[in-house]
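Atoms within a ligand are numbered from 1 in the order they appear, just like the ligands themselves. This is a predicted model, so every value here is computed, not measured.
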Amino acid sequence: MKNIVLIGFMGVGKGSVAREVVKHSHYITVDTDDLIESMENKKIKTIFEEDGEKYFRNLEKNIAKWLESSVKNTLISTGGGFYKQENLKKIGTIVLLDSSFDAIIKRIKEHPNAVKKLKKRPLLSNLKEAEKLYNERRPHYLRLADIVVDVTDKSAQDCAKELLKKVKKHA
Ligand code: S3P
């Protein structure tokens with residue numbers, strides 16, 4: 001089984017879909033933000049505050065190299081900026097979770113842990129800036145994706161099922 005690399009904007013539901021994929025398949029899952037947090041023993045938010053975004057991006061680069069050389073049979077959920085890694089395509093099949101910006105913000109705001117979800121993401125603190133970032137990134141996400149799953153108005157479970165079906169077809 002080739003790795004699956006889940007990309008997409010902050011809050012689109014990568015973590016939720018990854019958990020559902022694991023329930024319905026033999027994949028195991030890792031999350032690049034979780035790997036970084038345990039490596040540094042700090043929250044992402046604290047890394048941004050104390051060490052800066054450049055430092056964080058360098059950690060992502062190290063993780064990308066490690067994923068390429070050492071990780072197999074895994075669904076890799078990535079941070080929204082991880083798509084920039086040069087070796088992304090070498091890590092596995094790229095699956096984009098796609099959604100409009102408004103639907104993403106609606107999804108976060110409706111979540112029972114909305115405040116926490118917004119707080120832990122430094123790049124979502126200013127919604128105007130975040131929308132700009134979304135518009136900059138979306139064409140790149142689409143260009144890189146081998147598979148696109150539109151998550152609008154779908155449960156994580158349905159997205160996971162669609163993802164697995166499309167991955168099987170793509171192989
Ligand atoms: C980021 C997304 C975050 C996290 C960091 C930067 C980004 O991950 O990696 O705050 O640049 O889009 P999520 O996409 O899981 O929120």
Side-chain angles (χ1 to χ4, degrees), residues 3-22 27 29-67 71 74-88 91-92 94-145 147-152 156 159-160 163:
N3 292 322
I4 299 173
V5 185
L6 210 50
I7 65 167
F9 202 67
M10 291 171 272
V12 77
K14 289 165 287 186
S16 313
V17 173
R19 284 187 285 279
E20 286 298 326
V21 170
V22 168
Y27 286 96
T29 188
V30 293
D31 178 303
T32 58
D33 283 347
D34 291 347
L35 290 170
I36 287 174
E37 288 189 342
S38 52
M39 232 167 72
E40 294 287 295
N41 195 23
K42 271 185 196 175
K43 293 284 176 203
I44 302 291
K45 187 173 178 275
T46 315
I47 299 175
F48 267 72
E49 281 164 5
E50 292 182 358
D51 310 294
E53 183 172 347
K54 206 170 162 203
Y55 180 82
F56 173 77
R57 298 297 174 202
N58 199 46
L59 296 172
E60 285 191 315
K61 195 174 179 179
N62 295 339
I63 295 283
K65 284 186 203 150
W66 174 76
L67 290 169
V71 173
T74 300
L75 170 69
I76 300 156
S77 183
T78 68
F82 194 84
Y83 74 96
K84 286 189 185 152
Q85 298 311 315
E86 272 173 23
N87 65 338
L88 192 77
I91 301 174
I94 314 297
V95 179
L96 168 66
L97 296 190
D98 193 31
S99 173
S100 71
F101 182 74
D102 289 346
I104 290 173
I105 299 306
K106 188 168 169 265
R107 180 181 177 274
I108 296 177
K109 287 192 170 161
E110 281 173 357
H111 197 277
N113 271 335
V115 175
K116 205 171 149 200
K117 289 206 166 273
L118 282 168
K119 241 180 151 179
K120 77 170 200 185
R121 296 183 164 100
L123 299 177
L124 275 186
S125 61
N126 177 329
L127 287 188
K128 272 244 158 336
E129 287 297 316
E131 185 168 15
K132 217 173 114 196
L133 194 63
Y134 171 90
N135 288 327
E136 270 167 35
R137 283 180 178 177
R138 188 158 178 272
H140 297 290
Y141 289 150
L142 287 167
R143 175 178 52 80
L144 286 162
I147 292 167
V148 179
V149 176
D150 181 352
V151 303
T152 317
C159 294
L163 181 156

> With a 4.0 Å cut-off, would you call R57 and E53 a salt bridge?
Replying inline: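 Result for this pair is yes, salt bridge flagged.
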
> Going by an N to O cut-off under 4.0 Å, is there a salt bridge joining E131 and K128?
Replying inline: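 Salt bridge: no.
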
Side-chain ([X]) to main-chain ([Y]) donor-acceptor, under 3.5 angstrom:
X: S77; Y: L6; result: no
X: Y141; Y: G80; result: yes
X: N3; Y: T74; result: yes

> Is there a side-chain contact between L96 and L144, using heavy atoms and a 4.5 Å cut-off?
Replying inline: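 A side-chain contact under 4.5 Å is absent here.
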
Under-4.0 Å heavy-atom contact with ligand 1, by part of [X] that carries it:
X: F56; answer: side chain
X: R137; answer: side chain
X: R57; answer: side chain
X: V12; answer: neither

> Purely on distance, is any nitrogen or oxygen of L123 under 3.5 Å from one on ligand 1?
Replying inline: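 For ligand 1, there is no N or O atom that lies under 3.5 Å from one belonging to L123.
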
> Looking only at distance, does R121 have an N or O less than 3.5 Å from an N or O of ligand 1?
Replying inline: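 Among all N and O atoms of R121, at least one is under 3.5 Å from an N or O of ligand 1.
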
>> Just checking N41: does its CG atom have more than 12 heavy atoms from other residues, nucleotides or ligands closer to it than 6.0 angstrom?
In response: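 No, not enclosed.
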
> If you count the non-hydrogen atoms of other residues, nucleotides and ligands that lie under 6.0 Å from NZ in K117, is the total more than 12?
Replying inline: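 More than 12 heavy atoms, drawn from other residues, nucleotides or ligands, come within 6.0 Å of this atom.
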
>> So if I count the atoms of ligand 1 from 1 in the order they appear, which ones are less than 4.0 Å from some heavy atom of G81?
In response: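 Those atoms are 7 (C), 11 (O), 12 (O).
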
>> Out of all atoms in ligand 1, which are within 4.0 Å of some heavy atom of I44? Include the element for each.
In response: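 It comes down to these atoms of ligand 1: 5 (C), 10 (O).
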
> Quick one: nearest non-hydrogen protein atom to atom 3 (C) of ligand 1, plus distance?
Replying inline: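 Checked against all protein heavy atoms, atom 3 (C) of ligand 1 sits closest to D33 OD2, 3.5 Å.
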
> Who's the nearest protein heavy-atom neighbour of atom 14 (O) of ligand 1, and how far?
Replying inline: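 That would be K14 NZ, 2.6 Å.
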
> K120: heavy atom below 4.0 Å from ligand 1, yes or no?
Replying inline: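 No, that is not the case, since the closest heavy atom of the residue is not under 4.0 Å from the ligand.
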
> Where the closest heavy atom to atom 10 (O) of ligand 1 is concerned, which of P122, G11, A130 has it?
Replying inline: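 Looking at heavy atoms only, the winner is P122.
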
